[in-house]
Structure formats: C-alpha cells, structure tokens
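Here is how names work: the chains are called A, B, and so on, in the same order as the sequence lines, proteins then strands, and each is numbered from 1.
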2 protein chains.
Amino acid sequence: MPIDTKADLLDSAERAVRARGFDGFSYADLANDVGIRKASIHYHFPTKAALSVALMQRYATAIQEACTEIEDGTPTGSGRLAALIALYRGALNDGKSLCLCVSFSASRESLSPEVITHIGQFRAMIVRWLTGVFELGRQDGSISDVTAPAAEATATLSLLEGAQLGARAEEDIAMFDDALELLNTRLAK
Amino acid sequence: MPIDTKADLLDSAERAVRARGFDGFSYADLANDVGIRKASIHYHFPTKAALSVALMQRYATAIQEACTEIEDGTPTGSGRLAALIALYRGALNDGKSLCLCVSFSASRESLSPEVITHIGQFRAMIVRWLTGVFELGRQDGSISDVTAPAAEATATLSLLEGAQLGARAEEDIAMFDDALELLNTRLAK
DNA sequence: GTCTATAATTGGATAGAC
DNA sequence: GTCTATCCAATTATAGAC
C-alpha cells in the first residue's frame, strides 16, 4: 500500500482552497495536515502557482467524468439537472465549503494566468453540458417552460454558484435549497 | 475643504476588497493609495477587523438608501427589479470588481464574527426588498409568471451574485448579461 | 493626525545533508 | 523524498517623537 503524498497534498490543498480561499492557506497548513515539513512540499509542487494548476486540472477532469456518469445513469433532462444540482449541493459540506471553481473565481487576482484560462474552459464546459440537458428536457418534456436552452444554461450555472456563495455566507445549506426551489418546481419527478 | 482621510481609507479599502478580496490587500496598499504611512492608518482603524466592520456598515447603509431611492423613483415592479439588476451590474466595473457582499462572502473565514453577522442581516434585507418587488410585479402585472415572491427573491439574489462571480471569473461583463437574459424577458418594458 | 522606527510573526522559496 | 536550516520579503501592529 504505497503512500501517495502528492495526492494527499492535492486533497489537503483542495479542502483548504474551498474552505478558506486561495489566499487563506499556506504551505505550513498543508504540511501540518499531511504530516511532512513544509519544505518537502516544494519537491512535489515547486510553487503555489504550480499547485493551483494541478488542483484545477484534477478538478476539471473529475467534474467532467461526473457529468458523463450522470448521462450514463440518468436518461431524462430533469434527472440529469437534478443530479448536477445535487453535485453542487454536496460540495457545500453543510455550508463550510465552496466548489473549487467558485472559490478560485473569487480569488482571481491571486491566480496565475494558466489557472484563469482553465477556469474559463471549465465554465464553458459546464454551460455546454447544461445546454444539452435543457435541450433534452425540452424534447422529453421533463423540464417545463424551456424556450432558450443556452440562456437557461448560463442562468443555471450562475444560480448554482450564487446559491453556493449564499449558503457559504450564512453557513447554512437551507439557503442553497431556498435558492433552487423555483428551478426544482420545473422538474418532472 | 477639509480632507477626510477616514473616508479616503474606506474608499480605497472598498475598492481593494472588491477587486482582490479581504486577504488580497494590506495596510501598505492603502497607505500607498491614500498617500499616508501605513502606521497612520491604525489611528483611524486600529485593526483590519475594525476596518472591515466599518466597510460593511457603510455599504449596507448605502445599498439600503439606493433601494429606497429606487422605490421613490420607480413605480412598477419590473422597473424596480431592473434598477437593482443595474446596480449589481454597475458594481462589476467591467468584470474587474465584485460587490462588497459577494467578495466578503467568499472571504468568510478571514472575517470577524461581527462582519459575518452584518452580512447575514444585509442579505436578509435584500431578500425582503426583492420579495416586495416581486409581490408588486405580480399585482401590477409587470413581471410575468410570479407565483412565489419569496422564492423568486432568494433565487434572484443568488442569480445576481452568481452572475457577478461569473463575470469576474472571465473578466467579461457579457457573462453577467447572459446570465440575466432569461429574467429580463419576464420584465415589462 | 501623521511620522519614523521597530517588534513579532508569517509568507513562499532555496541549499544542502541524509 | 524528506529533512534541518536559512533567506528575504511582507504582514499586522505598537511605541513614542513631532
């Protein structure tokens, strides 16, 4: 059972970014959490910028795979949208965390250009995926009142991210559920 | 013409928080911006926590007054909602800033309990105000398809804040407009 | 009210031993 | 791969002169 320090560091860093922001944690925090000295972290990630790039890449891949899994396991538009909502809801950790993309977006000024590019690509990927979901929901009739799938997709991503922020602000997941209530009423059960 | 250093510091700090987050600026930055030495700032705001409380109080008052002005100058529900959307849009500064509440919400872990309380009160105030706007919009028929004003209000605040975050992430105000497009189609011109 | 000077701590990062 | 030791810059904050 080989110990994967690099993965441990990424796990610890992701938790830290999502709970405290990119400027809110240090190599000392990671060292404490993972159980090595902070100088040793530089062996795996020479700079904090390099660490952030690795974080964002791993995250984009994971969410992309999650979306594919949703498509494989859920045939209806409403079911797929509900699954994505659940994904964003789960990232909240009872209002103590944000998803990585939201946290990074708020820390924009401290990030390297490479990460900023990745954020843009990630957001575009989610909007594309959501557009497909709304198109399907219109076809199969499982999402009501869909007239403009692309506009629905952009609005839905903003709603999800804003609802996360609100729940984080008040450290109360009920805020997220309240914000999603209206969209939920449009989904076939 | 008396120089109000305290107000200058608050202005500079608000710009800094909104552009770079609460952890993203220092007293050195403010000193540079305002033109005094950083030690002098402690005369006006003993700690960064005290500064953040003053910022949040001033902001809440200003937005509350802006909402009252909207009510005074705009009779319809749709007009009032459009005016609030314009307020949030204006805070973006072409995608280079967030509003103070969104920026503070993302920096939650670095804030004093007092500021966190203020954020909760501020968000509740906005939701109350928006609920009234949607009730009016239902009565005067200027906002279409309003069935649950309170749910609309929570969803709208999340949409506004999420759209700000998206526009900031991509430093493109078009992202904000895209996210608000669907809500806009429900408003009477 | 603002200054200089400085304390005390922490930040990311490097060198070189093991 | 991980360690100790260290560097240098930046951070919030204080003391005391003007």
Can you check the B:Y43 OH to C:dC3 C1' distance for me, whole Å?
14 Å
Within this structure, what is the CG-to-P distance between A:L51 and C:dG11, rounded to whole angstrom?
15 Å
Tell me: CG of A:L9 to P of C:dG12, nearest whole Å?
13 Å
Spacing of B:F22 atom CZ relative to D:dT11 atom P, expressed in whole Å
13 Å
Looking only at side-chain atoms of A:K48, point me to the closest of C:dG12, C:dA15, D:dT12.
C:dG12
In whole angstroms, the gap separating C1' of C:dC3 from CD1 of B:I41 amounts to 13 Å
Has B:S40 got a side-chain N or O lying under 4.0 Å from the OP1 or OP2 atom of C:dC3?
yes
Rounded to whole Å, CG of A:D23 lies from P of D:dT11 at a distance of 11 Å
Under 4.0 Å between a Lys/Arg side-chain N and an Asp/Glu carboxylate O for A:E109 and B:K96?
no
Taking atom types as modelled and ignoring hydrogens, do the side chains of A:S12 and A:D33 form a donor-acceptor contact shorter than 3.5 angstrom?
yes
Kindly confirm or rule out a cation-pi arrangement of A:K6 over A:F45, judged by NZ or CZ under 6.0 Å from the six-membered ring centre and within 45° of its axis?
yes
With nearest nucleotides of DNA chain D determined for B:H42 and A:I36 from heavy-atom distances, which residue corresponds to the more 5′ nucleotide?
A:I36
A:L30 CG to D:dT2 C1', straight-line distance once rounded to whole Å
16 Å
Among C:dC3, D:dT2, D:dT11, which nucleotide sits nearest the side chain of B:K38?
D:dT11
Is A:S26 near enough to C:dG11 that one of its side-chain N or O atoms lies under 4.0 angstrom from OP1 or OP2?
yes
For the pair B:R108 and A:E170, find out whether any cationic side-chain nitrogen is under 4.0 Å from an anionic carboxylate oxygen.
no
So, OP1 or OP2 of C:dT2: does either fall under 4.0 Å of a side-chain N or O from B:T5?
yes
Under 4.0 angstrom between B:H44 side-chain N/O and C:dT2 OP1 or OP2
yes
Touch check for A:Y27, heavy atoms < 4.0 angstrom, all strands: base, sugar-phosphate only, or nothing?
sugar-phosphate
At 4.0 Å (heavy atoms only), tell me whether B:F25 reaches a base, stays on the sugar-phosphate, or touches nothing.
sugar-phosphate
Rounded to the Å, how far apart are B:R37 CZ and D:dG16 C1'?
17 Å
Any chance the rings of B:Y27 and B:H42 have centres within less than 6.0 Å?
yes
